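Here the structure is a predicted model, which means the values were calculated and not measured.
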Amino acid sequence: MDERVEDGLRRPSLVERLAQSPVGGFLPWIIFWVVAGSPSTWEYGAIGAALAAIILAIPSTRHRRTKLLDVVTIVFFVGLAIAGTVLGAHDRDVLDTYSTTISSGVLGLVALASLAFVPFTEQYARESTPEEVWSTPQFKHVNRVLTLVWALAFLVTALLGYVAVRLPSTSDWTNWVLPIVVLVGAFKITRWYPEHMSRR
């Protein structure tokens, strides 16, 4: 039987379902933000995020659908884990202070840069839409908007992380409450906007 037919008949595993969703693409970053939220834990967060990213990239690689976010995530967290072993104490202290801010900023800039090529959300949207709609103006527009929403959400989160470092008295709000509100808002827009556009 043709491999593609077999893949179509087989029920996808949890890892495969996550690999087809932006939620899966963000999972390594979420792992990092949670683990690196405590002092001197960013190295463990980077290792955990790198492993999660590699595992989640395997299904896409098998089907030759490697995504920009997968590649950036693996390179960033493997590089960060290596940096933890070779940097001096001062540089490790800087990363201890700013690691979550840097990671959010990198993610936001990558999402923003992808608008010049293929919006990163489009690579995930193609997993659940017929190929004939990929080149339609509406499909392109929806994914440009959603990618911009995520880029802004991550850049705002990076800014909030920086404020939390500079103004520690605000850290409950700027490290946790507001970033969660921003990211939940981005998830809600991601669910709502395509449906809204399809009804127009």
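- For the pair W134 (side chain) and E122 (backbone), a donor-acceptor distance under 3.5 Å is absent.
- In this structure, H141 NE2 and L146 CG are separated by 9.0 Å, a value rounded to the nearest 0.5 Å.
- One hydrophobic cluster holds both L109 and L148 under the rule that ILVMFWY side chains link at heavy-atom gaps under 4.5 Å.
- Side chain of T157 to backbone of P179: no donor-acceptor contact under 3.5 angstrom is found.
- Connection of V165 to L107 is established within a shared hydrophobic cluster, with ILVMFWY side chains joined at heavy-atom distances below 4.5 Å, either directly or through further cluster members.
- For the 3.5 Å distance criterion, the side chains of S103 and W29 fail to qualify, holding no donor opposite an acceptor.
- Shown here for A36 and S99, the closest heavy-atom pair between the two residues is CB-OG, 4.0 Å.
- To the nearest 0.5 Å, atom OH of residue Y124 and atom OG1 of residue T147 are 10.5 Å apart.
- I54 and I82 fall within the same hydrophobic cluster, defined by Ile, Leu, Val, Met, Phe, Trp and Tyr side-chain heavy atoms under 4.5 Å apart, directly or through other members.
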Carefully, step by step, assess V163 and W173 under the rule side chain to side chain contact (heavy atoms under 4.5 Å, CB included).
CA-CA 10 Å; V163 171; W173 283 91; over 6 Å; no
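- Looking only at distances, a side-chain donor or acceptor of S171 sits under 3.5 Å from a matching main-chain atom of P168.
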Side chain to side chain contact (heavy atoms under 4.5 Å, CB included) for T66 and V71? Distances and angles first, verdict last.
CA-CA 8 Å; T66 305; V71 174; 3.5 Å; yes
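- Residues V182 and F154 are not in side-chain contact: their nearest non-hydrogen atoms beyond the backbone lie 4.5 Å or more apart.
- Side-chain atoms of D172 and V177, non-hydrogen and from C-beta on, never get closer than 4.5 Å to each other.
- T170 approaches A164 most closely through the heavy-atom pair OG1-CA, 4.1 Å.
- Contact record, A151 with G108: CB-O, 3.6 Å, taken as the closest heavy-atom pair.
- Taking the six-membered ring where tryptophan is involved, the planes of F26 and F120 are perpendicular, since the angle between them exceeds 60° and thus also 30°.
- Environment of OH in Y193: crowded, with over 12 heavy atoms of neighbouring residues, nucleotides or ligands closer than 6.0 Å.
- Ring planes of F77 and F32: tilted class, angle from 30 to 60°.
- When the side chains of ILVMFWY residues are joined at heavy-atom separations under 4.5 Å, either directly or via intervening members, Y98 and L167 end up in two distinct hydrophobic clusters.
- Residues G161 and T101 come closest through the heavy atom pair C-OG1, 3.2 Å.
- Across I189 and P194, no two heavy atoms sit closer than the pair O-CD, 4.0 Å.
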Please step through side chain to side chain contact (heavy atoms under 4.5 Å, CB included) for the pair L159 and T174, ending with a clear verdict.
CA-CA 9 Å; L159 179 62; T174 50; over 6 Å; no
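- Going from atom CZ of R144 over to atom OG1 of T121 covers 10.5 Å, rounded to the nearest 0.5 Å.
- Within the 3.5 Å criterion, the main-chain N or O of F139 finds a donor-acceptor partner in the side chain of N143.
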With side chain to side chain contact (heavy atoms under 4.5 Å, CB included) as the criterion, how do L155 and L112 come out once you've worked through the C-alpha distance, each side chain's angles and the decisive distance to 0.1 Å?
CA-CA 10 Å; L155 291 172; L112 205 56; 4.3 Å; yes
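- Pairing each heavy atom of L80 with each of W42, the nearest pair is O-CZ3, 3.5 Å.
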Begin from the C-alpha positions of W150 and F187 and carry the test ring-ring contact (aromatic ring centres under 6.0 Å, His included) through to its verdict.
CA-CA 9 Å; W150 281 107; F187 274 114; 4.8 Å; yes
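- Between T73 and F76 there is no side-chain heavy-atom pair separated by less than 4.5 Å.
- Side chain of Q123 to main chain of L68: a donor-acceptor pair is present (N/O by atom type, distance under 3.5 Å, no hydrogens or angles).
- Hydrophobic cluster membership is shared by L183 and I102, with clusters built from Ile, Leu, Val, Met, Phe, Trp and Tyr side chains linked at under 4.5 angstrom.
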